[in-house]
Amino acid sequence: MRKQAFILLCVVVLGVVGTCHGGGLKKNYYASKCRDAEEIIKNATEKRVAIDPTLPAKFLRMHFHDCFVRGCDASVLVNSTANNTAEKDAVPNQTLGGFSVIDDIKAEVEKKCPNVVSCADVLALAARDAVSSKFKRPLWEVLTGRRDGRVSRISEALANIPSPFSNFTTLVQNFANHSLNVRDLVVLSGAHTIGVSHCSGFFNRLYNFTGKGDQDPSLNATYAAFLKTRCKSPTDNTTITPMDPITSLTFDSNYYVVLKQKRGLFQSDAALLTNGGSSNLVNQLLNQNKFFAEFAQSIKKMGAIGVLTGNAGEIRKKCFAIN
Ligand code: HEM
Ligand SMILES: *[C@@H]1O[C@H](CO)[C@@H](O)[C@H](O)[C@H]1NC(C)=O
Ligand SMILES: *[C@@H]1O[C@H](CO)[C@@H](O)[C@H](O)[C@H]1NC(C)=O
Ligand SMILES: *[C@@H]1O[C@H](CO)[C@@H](O)[C@H](O)[C@H]1NC(C)=O
Ligand SMILES: *[C@@H]1O[C@H](CO)[C@@H](O)[C@H](O)[C@H]1NC(C)=O
Ligand SMILES: *[C@@H]1O[C@H](CO)[C@@H](O)[C@H](O)[C@H]1NC(C)=O
Ligand SMILES: *[C@@H]1O[C@H](CO)[C@@H](O)[C@H](O)[C@H]1NC(C)=O
Ligand SMILES: *[C@@H]1O[C@H](CO)[C@@H](O)[C@H](O)[C@H]1NC(C)=O
Ligand SMILES: *[C@@H]1O[C@H](CO)[C@@H](O)[C@H](O)[C@H]1NC(C)=O
Ligand SMILES: CC(=O)N[C@H]1CO[C@H](CO)[C@@H](O)[C@@H]1O
């Protein structure tokens, strides 16, 4: 109820002043409540990333999936129970990873400041700190003060997480549903500069695109031939393929270089070239400084979607279970 009221307020404010980020979040919200919270999270995250370089991609995608379903309220972290099938068990979530590491990082914060720091903030900070760890500086600002939701439903994940088979129109609509615009869509898709995909996300583009045994003409033919050597069967659910074939562990603007070579892995990536304005943005984002500056703005906006603040929701004790 409280959240619906907030969203309504948000829509009204959006209409009037054209901005609705922040949503009650603050810079260094925990300064007086748990002075070292952000540093504990940063230290714990960097320690884990040093051991597992695939974590930045996992955390970044998890933060995205969290924010797109019920706002950034850690609903993605909750386990299913006898009575409820949670977001985690939805098809798009089956390939998420890193949950246990988030649970561990939260446990470290709890040791110092029990019941103070939300799982939603832990995830938002850990995603930023993991991606930034190679840069020795935070790549974007994370406002804090999010609270954790008490609801996580499989049906809501299915309705809100965009599909890799989406065209431009559908993607724009999906992002608009989350108060993000075309610029945010093109910029945030740049997250695919790190990480991997299973074959299911692009298999159709290789073998039977329109049901005539054909290939997606918008996919680079040389690259398609290479992808076919990796993904041979539609039931292959173990092979993973980097989305940025050149630097899949490095957060850079190479996603856009690859995209322009028609080597974007998903239809949803290739779709960004099917619209004039969007395609023009792709060209601008080839510039790494531009990409970093834009990404910092768009992900901050994403991190404020539908947040619970004040007395709404709860501070979860363990991220995998509602209190
Ligand atoms: C525009 C719509 C988007 C679609 C359709 C999409 C779809 C996908 C798919 C299908 C995968 C591969 C999952 C797998 O098979 O393992 C993936 C991976 C990934 N996505 Fe997206 N995504 C979108 C936007 C985003 C955004 C906005 C972010 C973050 C800001 C993001 C971050 C990532 C990351 C980092 C990975 C790699 C995960 C890993 O290596 O474990 N994506 N995405
Ligand atoms: C974080 O790590 C740094 C460098 O190792 C250390 O100096 C600092 O005390 C740590 N902070 C916390 C809160 O653990
Ligand atoms: C939560 O679910 C994950 C799989 O989604 C499982 O690995 C983990 O053990 C569960 N945690 C608890 C405490 O039940
Ligand atoms: C599940 O639902 C039943 C009946 O509505 C209730 O008695 C039980 O306490 C619930 N269990 C949990 C774990 O919420
Ligand atoms: C985009 O996809 C939607 C849903 O599949 C479809 O209804 C629509 O016709 C498509 N738009 C274009 C321009 O292909
Ligand atoms: C956008 O939200 C509306 C209303 O909730 C929903 O009907 C529609 O399917 C959503 N569109 C996309 C592309 O997610
Ligand atoms: C391609 O798709 C069509 C239509 O769905 C189907 O009839 C055909 O058997 C498929 N061909 C292959 C080689 O999978
Ligand atoms: C992968 O596919 C095999 C056989 O089709 C199935 O037994 C297994 O559960 C699947 N694994 C995952 C992670 O979905
Ligand atoms: C296909 O990819 C190769 C690099 O693998 C690139 O040199 C070539 O220009 C690309 N073709 C097109 C049409 O973009
Ligand atoms: C990471 C995770 O929780 N994956 C789950 C996704 O959903 C399937 C069932 O639909 C579970 O088996 C996975 O454990």
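For the numbers below, each heavy atom of this structure counts, side chains included, while hydrogens, waters and symmetry mates do not. Just so you know, ligand 1 is whichever comes first in the structure, and atom 1 is the first atom listed for that ligand.
- Under the 6.0 Å distance and 45° angle rule, Lys134 does not count as a cation-pi partner of Phe251.
- Not one N or O of Lys212 is nearer than 3.5 Å to an N or O of ligand 7, by distance alone.
- Other residues, nucleotides and ligands contribute at most 12 non-hydrogen atoms within 6.0 Å of the NZ atom of Lys27.
- Heavy-atom contacts from other residues, nucleotides or ligands closer than 6.0 Å to CZ of Arg35 number 12 or fewer.
- Using modelled atom types, one finds no donor on one side chain facing an acceptor on the other under 3.5 Å when comparing Asn84 with Thr81.
- Residue-environment remark: CG (Leu158) exceeds the threshold of 12 foreign heavy atoms within 6.0 Å.
- With a 4.0 Å cut-off on non-hydrogen atoms, Lys88 touches ligand 3 through its side chain and not its backbone.
- Seen from the ring of Tyr29, Lys33 counts as a face-on cation partner, given the 6.0 Å and 45° thresholds.
- Salt-bridge check for Asp103 with Lys318: failed, with every basic side-chain N at 4.0 Å or more from each acidic carboxylate O.
- Taking every non-hydrogen atom of Phe320 and a distance limit under 4.0 Å, the qualifying atoms of ligand 3 come out as 13 (C).
- With respect to Asp104 and Arg48, a salt bridge is recorded, a charged nitrogen being found less than 4.0 Å from a carboxylate O.
- Counting atoms of ligand 3 from 1 in the listed order, those under 4.0 Å from a heavy atom of Asn79 are 1 (C), 2 (O), 3 (C), 8 (C), 10 (C), 11 (N), 12 (C), 14 (O).
- Within 4.0 Å of ligand 9, protein heavy atoms belong to Asn220, Gln261, Lys262, Arg263, listed by chain and number.
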